[in-house]
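The structure appears below as structure tokens.
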2 protein chains.
Amino acid sequence: MGTTQLETAPEPKYWHLKTVLSDALDSEFAVGEILPNERELAARFGVARATLRQALEQLELEGRLQRRRGVGTTVAPPRMGVAVGDSAHGRPGTAADGWQPVDADEAVPPTAVARLLGTAAGETVQVVRRIRKTHGQPVAAELLYVPVESVPGLSVPEGLPGAARARLVLRELEDLRPDGQDQAVELGSARADDAKQLDRLPGAPVLVVTTRYFAGGRTAAVAVATYRADTCRLTFGDNGAAEAVPAVLAG
Amino acid sequence: MGTTQLETAPEPKYWHLKTVLSDALDSEFAVGEILPNERELAARFGVARATLRQALEQLELEGRLQRRRGVGTTVAPPRMGVAVGDSAHGRPGTAADGWQPVDADEAVPPTAVARLLGTAAGETVQVVRRIRKTHGQPVAAELLYVPVESVPGLSVPEGLPGAARARLVLRELEDLRPDGQDQAVELGSARADDAKQLDRLPGAPVLVVTTRYFAGGRTAAVAVATYRADTCRLTFGDNGAAEAVPAVLAG
DNA sequence: CAGTGGTCTAGACCACTTT
DNA sequence: AAGTGGTCTAGACCACTGT
């Protein structure tokens, strides 16, 4: 007879662990509850800590868990629906939908952005930093690149503090009333500066939303927004039913 | 004087490694080129293999590298722009834009999907499996859930092979001409079956696109599509300039 | 078959938060 | 100071791909 186990399909330990933990989260834990620490969990399941961590990482990636150094691992709430496709929200400069201006500067954009803007290499543009909060939590950090040609009337007083300067550029851009936009979403990892604003560690998974704003047949501005992938579900709606959709399976 | 190094900011080794490798990829490697193997690279940089792998994982997550077991690590081409927001593409049933029907069945949807559809718990729906290819490569696997109420005229002959049955449901659905849709994007990890169709390992990072199709004030169908996060950049465009946008920084 | 990436272990130390 | 998650090591073996 030989080996009895046919079709054994050697599932990795961390994968099996993940499903076990996932089921346990559904049935035995409430949102916000703290799990036993990693060493304890590893011992309980009879695996090395690294293996246990591999399972936890996956669950965190799927938005099921939240881990904070020095604190512990907690059960994460369902992901927030965040509207990004809605033109009303998307237009830069429209105030108070969770976006807060942080800073502004004149700088040379990354080459990829410069290519989108159609500016020459080395040419400086206005760079506005914004942060977006939902339910008090930071969900996105954005860099908005505006060529000076797009805001010809702009004059920035010397010594103006950053947030005020940012508001000034945004207000100016609002008058432009862009007539179209274009968005792309891809997976990335948080740069150190973005990570700090999003209250995450560098390298944390983020959804990078690149938006092109068109005005008068030109690309008037480009925004690169990095959303926390663990806590956010980006919604693109004909109708803004953001909160209605629950987190989806696919784990 | 004490320690000379102030503001040392102890950057993790794998993080520093990642930037070093990233720069090397830009300057010294061509797309498709194979890197030295992991043991060799780890030795060259004087780190443990696990640490080297942590850096490679990040680069793979960002779409810079592609790793295949038994083969090696290669430099990945820029991400493909894949249109998902365009209604013309998005409508289920419109043929031949890269989508290929695979199979169809009658089954009970996951509870999250049932909630979106507004069907009773335990109620069966038509489930169509599709796969999307671009440039010959699989980029997405989709499950399309269609309540029987949405396609009242449907009659499925017994013993019809899967792909034909799928085409039948899609054709029926096409007649419905849904009048609106609603999309959400979130990060997930590939289930075993999706992973196989996407030619990836289970757990690989994917972008999960949930689409609701509306017809006559009801939710006529729900599609859950999982896109390969490493190779795809999802585009939501007023104009379909999918290929024009290069991959973005944010690494 | 040899060579590759994928999994796993049993430790150690570090950075951070809370008490 | 104690406890947490984050980083790192040096090894081992496994699963898969090519020849």
Side-chain angles (χ1 to χ4, degrees), chain A residues 3 5 7-19 21 33-61 65-76 189-190 192 195-196 199-205 230, chain B residues 3 5 7-19 21 33-61 65-76 189-190 192 195-196 199-205 230:
Chain A
T3 58
Q5 290 252 98
E7 283 297 346
T8 173
E11 199 177 44
K13 271 189 191 177
Y14 78 91
W15 185 263
H16 179 244
L17 239 184
K18 196 193 84 166
T19 66
L21 285 169
E33 197 169 342
I34 61 178
L35 269 60
N37 70 57
E38 297 183 350
R39 291 160 179 88
E40 158 97 29
L41 281 176
R44 187 177 304 184
F45 287 106
V47 298
R49 193 178 151 219
T51 304
L52 185 270
R53 277 179 62 80
Q54 216 172 335
L56 293 184
E57 267 153 34
Q58 284 246 3
L59 289 169
E60 190 179 29
L61 200 80
L65 291 179
Q66 191 162 355
R67 301 193 286 172
R68 276 174 305 173
R69 170 154 54 178
V71 179
T73 302
T74 60
V75 180
S189 46
K196 188 176 294 182
D199 195 24
R200 298 253 61 194
L201 291 181
D230 54 344
Chain B
T3 59
Q5 289 253 99
E7 282 298 347
T8 175
E11 200 177 45
K13 270 189 191 176
Y14 79 92
W15 185 262
H16 180 244
L17 239 185
K18 197 194 83 167
T19 66
L21 285 169
E33 197 168 345
I34 60 177
L35 269 60
N37 71 55
E38 297 183 348
R39 291 160 178 88
E40 157 97 29
L41 280 175
R44 187 178 302 184
F45 286 107
V47 299
R49 194 179 151 219
T51 305
L52 186 270
R53 278 180 61 81
Q54 216 172 336
L56 294 185
E57 268 154 33
Q58 285 247 0
L59 289 170
E60 191 180 27
L61 200 80
L65 292 179
Q66 192 162 352
R67 300 192 288 172
R68 275 175 306 172
R69 171 155 52 176
V71 181
T73 302
T74 60
V75 180
S189 46
K196 189 177 292 181
D199 195 27
R200 297 252 64 196
L201 291 181
D230 55 344

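Note that these values count all heavy atoms, side chains included, but never hydrogens, waters or copies made by symmetry.
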Q: First locate atom CG of B:Leu61, then atom CG of A:Leu61, and finally report the distance between them rounded to the nearest 0.5 Å.
A: 7.5 Å
Q: Taking all heavy atoms of B:Ser189 and all of A:Lys18, pick out the closest pair and write down the distance.
A: OG-NZ, 3.6 Å
Q) Does B:Arg67 place a side-chain N or O at less than 4.0 Å from the phosphate oxygens OP1/OP2 of C:dT4? A) no
Q: Grab the CZ-P distance between B:Arg53 and D:dT9 for me, whole Å please.
A: 14 Å
Q: May I have the distance from B:Glu38 (atom CD) to C:dG6 (atom C1'), rounded to whole angstrom?
A: 8 Å
Q: Give the rounded distance in Å between these two atoms: CD of B:Gln54 and P of C:dG5.
A: 17 Å
Q.
For D:dG3 and A:Asn37 - does any side-chain N or O of the residue sit under 4.0 Å from the phosphate oxygens OP1/OP2?
A. no
**Q.** Which atom of B:Arg67 lies closest to which atom of B:Leu56, heavy atoms considered
**A.** NH1-CB, 3.7 Å
Q | Spacing between A:Arg69 atom CZ and C:dT18 atom P, to the nearest angstrom | A | 13 Å
Q: Work out which heavy atom in B:Asp230 is nearest to a heavy atom in B:Glu60; give both atom names and the distance.
A: CB-O, 3.9 Å
Q) Going through the distances and angles, do A:Glu57 and A:Tyr14 end up as a side chain to side chain contact (heavy atoms under 4.5 Å, CB included)? A) CA-CA 10 Å; A:Glu57 267 153 34; A:Tyr14 78 91; over 6 Å; no
Q) Atom CG of A:Leu59 and atom P of D:dG5: how far apart are they, to the nearest Å? A) 14 Å
Q.
Looking at C:dT7, I'd like to know if its phosphate oxygens (OP1 or OP2) sit under 4.0 Å from a side-chain N or O belonging to A:Thr51.
A. no
Q. Has A:Tyr14 got a side-chain N or O lying under 4.0 Å from the OP1 or OP2 atom of C:dT7?
A. yes
Q: Kindly check if the number of other-residue, nucleotide or ligand heavy atoms within 6.0 Å of CG (B:Asn37) is above 12?
A: yes
Q: Return the value, rounded to whole Å, for the distance between atom CG of A:Leu201 and atom C1' of D:dG5.
A: 9 Å
(Q) Within the 4.0 Å heavy-atom criterion, would you say B:Arg68 contacts the bases, only the backbone, or no part of the nucleic acid? (A) sugar-phosphate
Q) Does a side-chain N or O from B:Thr73 land closer than 4.0 Å to OP1 or OP2 of C:dG5, or not? A) yes
Q: Please check if atom CZ in B:Arg49 has more than 12 non-hydrogen atoms from other residues, nucleotides or ligands closer than 6.0 Å.
A: yes
Q: Give the rounded distance in Å between these two atoms: CZ of B:Arg49 and P of D:dG11.
A: 13 Å
Q. What's the CG-P distance between B:Leu65 and C:dG5, to the nearest Å?
A. 11 Å
Q: Any chance you could encode DNA chain D as dot-bracket? Rule is Watson-Crick or G-U wobble with both distances under 3.5 Å; [ ] for pairs crossing earlier ones, | for another strand.
A: |||||||||||||||||..
**Q.** Closest-nucleotide 5' rank along DNA chain C - winner of A:Pro12 and A:Gly70
**A.** A:Pro12
Q) Of A:Lys13 and A:Arg39, whose nearest nucleotide on DNA chain C comes first from the 5' end? A) A:Lys13
